[in-house]
Amino acid sequence: MTARAWIIGYDITSPKRLARVHRFLSRRAFALQYSLFLAVVTRAELDELLRGVARLIHSRRDDVRAWPLPENAKFQSIGPGLPEGILAALPGTPGDLVAATRQRIRS
């Protein structure tokens, strides 16, 4: 399976669950903003990650979503944006982001 870039976002109603979900995702993906993460993973790895999040949330009160990014996505930002060099490491190109994201999921 080929790795793909996903944006994962959440809206968690409880501060305690919010902190748990943020810690969980921070160990497995790159924080873009407080509630948005970038993960470069296979579909199986994404499913595993989302199952882990599902164990931490209240399914009727909280919302977690994952959106795939197109392989040729162009990023624009105002402000600091992503760390330098991270765009070159998105799917379809060799780079540390894919390996680092997979490392975080397995730990």
Side-chain angles (χ1 to χ4, degrees):
M1 276 187 147
T2 312
R4 176 176 200 157
W6 293 82
I7 298 292
I8 301 169
Y10 58 77
D11 185 14
I12 309 295
T13 58
S14 160
K16 191 174 184 177
R17 286 194 309 272
L18 175 71
R20 287 181 187 154
V21 170
H22 184 78
R23 265 192 316 271
F24 180 85
L25 287 174
S26 292
R27 292 190 304 264
R28 292 161 177 82
F30 292 91
L32 299 173
Q33 294 182 355
Y34 188 75
S35 63
L36 287 176
F37 289 81
L38 173 66
V40 181
V41 292
T42 65
R43 182 62 200 217
E45 291 168 332
L46 176 70
D47 291 343
E48 179 183 337
L49 189 145
L50 293 177
R51 279 192 301 273
V53 170
R55 290 190 295 267
L56 302 174
I57 67 169
H58 187 289
S59 62
R60 292 186 184 190
R61 295 185 182 141
D62 302 330
D63 185 25
V64 178
R65 299 177 187 215
W67 299 274
L69 291 178
E71 290 193 27
N72 60 351
K74 302 260 188 267
F75 291 84
Q76 294 180 340
S77 67
I78 298 173
L82 294 172
E84 189 173 319
I86 203 168
L87 295 181
L90 287 173
T93 64
D96 295 335
L97 181 60
V98 173
T101 302
R102 287 194 175 142
Q103 174 76 24
R104 288 176 177 208
I105 287 173
R106 291 187 183 114
S107 51

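Model, not experiment: these values are computed from the prediction. Residue numbers start at 1 and run along the sequence shown.
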Taking the side chain as C-beta and beyond, is there a heavy-atom pair between L46 and I8 under 4.5 Å?
yes
Hey, is the main chain of T13 close enough, under 3.5 Å, to the side chain of D62 for a donor-acceptor pair?
yes
Mind checking what makes salt bridge (charged side-chain N to carboxylate O under 4.0 Å, His left out) contact with R43, not counting sequence neighbours?
D47
Between P70 and R4, the two heavy atoms sitting closest are CA-NH2, 4.2 Å
Do V41 and W6 have side chains that get closer than 4.5 Å, going by heavy atoms?
yes
N/O donor to acceptor pairs below 3.5 angstrom from side-chain atoms of residues 52-60, sequence neighbours left out:
| unit_1 | atom_1 | unit_2 | atom_2 | d |
| --- | --- | --- | --- | --- |
| H58 | ND1 | R60 | N | 3.2 |
| H58 | ND1 | R61 | N | 3.2 |

Could you report the tightest heavy-atom contact between E45 and T42, atom names first, then the distance?
OE1-N, 2.9 Å
Sorted by chain and residue number, the ring-ring contact (aromatic ring centres under 6.0 Å, His included) partners of Y10 (sequence neighbours excluded) come out as none
Is there a donor-acceptor pair under 3.5 Å between the side chain of H22 and the backbone N or O of Y34?
yes
CD1/I7 to CG/L69 distance, rounded to the nearest 0.5 angstrom?
4.5 Å
Within 45° cone of F24 ring axis and under 6.0 Å: R28 NZ or CZ
yes
Rounded to the nearest 0.5 Å, what separates atom CZ in R20 from atom OG in S14?
7.5 Å
Contact summary for L38 and A29, nearest pair of heavy atoms:
O-CB, 3.3 Å
